[in-house]
**Q** 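This is the structure I have questions about; it appears just below.
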Amino acid sequence: MARLRPRSATYVAPPNIALVKYWGVRDPELALPYNSSLSVTLDRMRSRTTVAFDASLDDDRVELGGAPAVGGPRDGVVAMLDRVRAAAGIAAKAHVRSENNFPTASGLASSASGFAALAGAASAAAGLPLAGRALSRLARFGSGSASRSVFGGFVEWRAGHRPDGRDCYAAPLFPPDHWPELVDAVAIVRGAPTKEVRSAVAMQSTVRTSPVYRARLAAVPRRIARMRRAIAARDPAALFPVVMEECDDFRAVCETTRPTLDYLTSASRAVLGEVRALNREAGRPIAAYTHDAGAHVHVFTVRRHLPTVRRRLAAIAGIQEVRVVRPGPGARRIGGPRVGPA
Ligand code: PMV
């Protein structure tokens, strides 16, 4: 019997850092967030994922970073494949290989890049021509932040209002080259602890238990509007204070969650303190910190302050490395067309 030729596709996708965080799901079935979020897609780092549907396979074969995936990580990939198979009307199992060119589970958002690349590769391999909004909608089922990694530059994921989720998708705000002076110096914390609780679970315990979560939801739309204006004007003095206000608010809802969520180490906290000191010394905001549900801290600044910021962060005990990244392009098919707005 002739073996069916596998249908295969490869995608690369970058991580992103949220300036306004996604934290809380209003509809778990449809993966709809409570609030809109805003992020910067990052260059230099990427996940590269190949999906090959092969009718001769008895089960899905998933390799992450060269090793067979088991447990939760495997289940997440298989759930995405099942969703794509159902949409494409195919039954074939798949061989999935995914690699990151940065340390996995290091808190550098490998779920965003990984699921954006997986959604792109799986849908293309299944013969579904998904791009832009449609790909963003699919990617969010793997990981909410993955919906934003579909696009490059500055991206907004709109929570939408409709119960069916049709108005929930990410969209590009400004392209990667919009603000060439803006840089992100990532302070990598040595021996950063791996997450005890998955973000998807942790955020729902915040929704249930944090007494300040409602106030956060009320504040987010104004913050997004302020950030959009500041980014449009390429104005660090307008952007940086609101980035730190949002990060402090995110940390406050985490710390008031029961049981408490504490993602930072003493080195991370020292980075926040150093950024505050730099701004005090300069007499104006020249840098802004932000962090996700992890210990590493992203410090935004503009090129002319980068040498100072870099030197000050590198001198902090417990900081292993300061990695400088910039706004970069979104997900794209290797050997296929670039993904653009739908
Ligand atoms: O995309 P998830 O389910 O891994 O959650 C991401 C949560 C944060 O990184 C803390 C915030 C965000 O918007 O990226």
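Fair warning: this is a prediction, and the values are worked out from it, not measured in the lab. Counting convention: from 1, in listed order, for ligands and their atoms alike.
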**Q** Which atoms from ligand 1 have a heavy atom of Ser143 less than 4.0 Å away?
**A**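 Those atoms are 1 (O), 2 (P), 3 (O), 4 (O).
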**Q** Is the shortest N/O to N/O distance between Ser145 and ligand 1 below 3.5 Å?
**A**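 N/O-N/O distance under 3.5 Å: yes.
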**Q** Any ion pair linking Glu156 and Arg228 (charged N to carboxylate O, less than 4.0 Å)?
**A**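 Here Arg228 pairs with Glu156 in a salt bridge, since their nearest N and O are under 4.0 Å apart.
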**Q** Using heavy-atom distances only, which candidate in Ile17, Leu38, Asp292 approaches atom 8 (C) of ligand 1 most closely?
**A**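 Residue with the shortest heavy-atom distance to the ligand atom: Asp292.
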**Q** Would you mind checking which non-hydrogen protein atom is closest to atom 12 (C) of ligand 1, with the distance to 0.1 Å?
**A**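 The closest heavy atom on the protein side is Arg148 NH2, 3.3 Å.
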**Q** Could you tell me, atom by atom, which parts of ligand 1 come under 4.0 Å of a heavy atom of Ala18?
**A**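 Once the distances to Ala18 are compared, the set is 12 (C), 13 (O), 14 (O).
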**Q** Do the side chain of Ser210 and the main chain of Val212 share a donor and acceptor less than 3.5 angstrom apart?
**A**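 It does hold such a pair.
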**Q** Look at Arg158 together with Asp167 and state whether they make a salt bridge at an N to O cut-off of under 4.0 Å.
**A**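 Salt bridge: no.
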**Q** Examine Arg83 relative to Phe141 and say whether NZ or CZ is less than 6.0 Å from the centre of the six-membered ring and inside a 45° cone about the ring axis.
**A**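 That pair qualifies as a cation-pi contact.
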**Q** Short N/O distance, under 3.5 Å, between Tyr22 and ligand 1?
**A**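 Yes, there is a polar N/O contact under 3.5 Å.
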**Q** Taking only heavy atoms of Ser111 into account, list the atoms of ligand 1 that are under 4.0 Å away from them.
**A**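 Taking each heavy atom of Ser111 in turn, ligand 1 has 4 (O) under 4.0 Å.
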**Q** Could Asp60 and Arg85 be called an ion pair, given the rule that one side-chain N must be under 4.0 Å from one carboxylate O?
**A**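 Between Arg85 and Asp60 there is a salt bridge, with a charged N closer than 4.0 Å to a carboxylate O.
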**Q** Purely on distance, is any nitrogen or oxygen of Lys21 under 3.5 Å from one on ligand 1?
**A**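 No; every N/O pair is 3.5 Å or more apart.
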**Q** Please determine, by modelled atom types, if Tyr289 and Arg276 share a side-chain donor-acceptor pair under 3.5 angstrom.
**A**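 A pair is found: one side chain offers a donor N or O, the other an acceptor, under 3.5 Å apart.
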**Q** Within a distance under 4.0 Å of any heavy atom of Phe250, pick out the atoms of ligand 1 and give their elements.
**A**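 Those of ligand 1 that fall under 4.0 Å from Phe250 are 10 (C).
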**Q** So does Arg216 pair up with Glu246, basic N to acidic O under 4.0 Å?
**A**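 Looking at Arg216 and Glu246, the cut-off is met.
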**Q** Only heavy atoms count here, so choose which of Ala146, Ala31, Gly144, Ala293 is nearest to atom 10 (C) of ligand 1.
**A**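 The option holding the nearest heavy atom is Ala293.
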**Q** Would you call Arg251 and Asp262 a salt bridge, taking side-chain N to carboxylate O under 4.0 Å as the test?
**A**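 Salt bridge between Arg251 and Asp262, a charged N being under 4.0 Å from a carboxylate O: no.
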**Q** Could you tell me whether Trp23 and ligand 1 have an N or O pair separated by under 3.5 Å?
**A**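 Looking only at distances, the answer is no, because the N/O contact criterion of under 3.5 Å is not met.
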**Q** Check ligand 1 against Met203 and write out every atom of the ligand that is under 4.0 Å from a heavy-atom position of the residue.
**A**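 Selected atoms, number and element: 5 (O).
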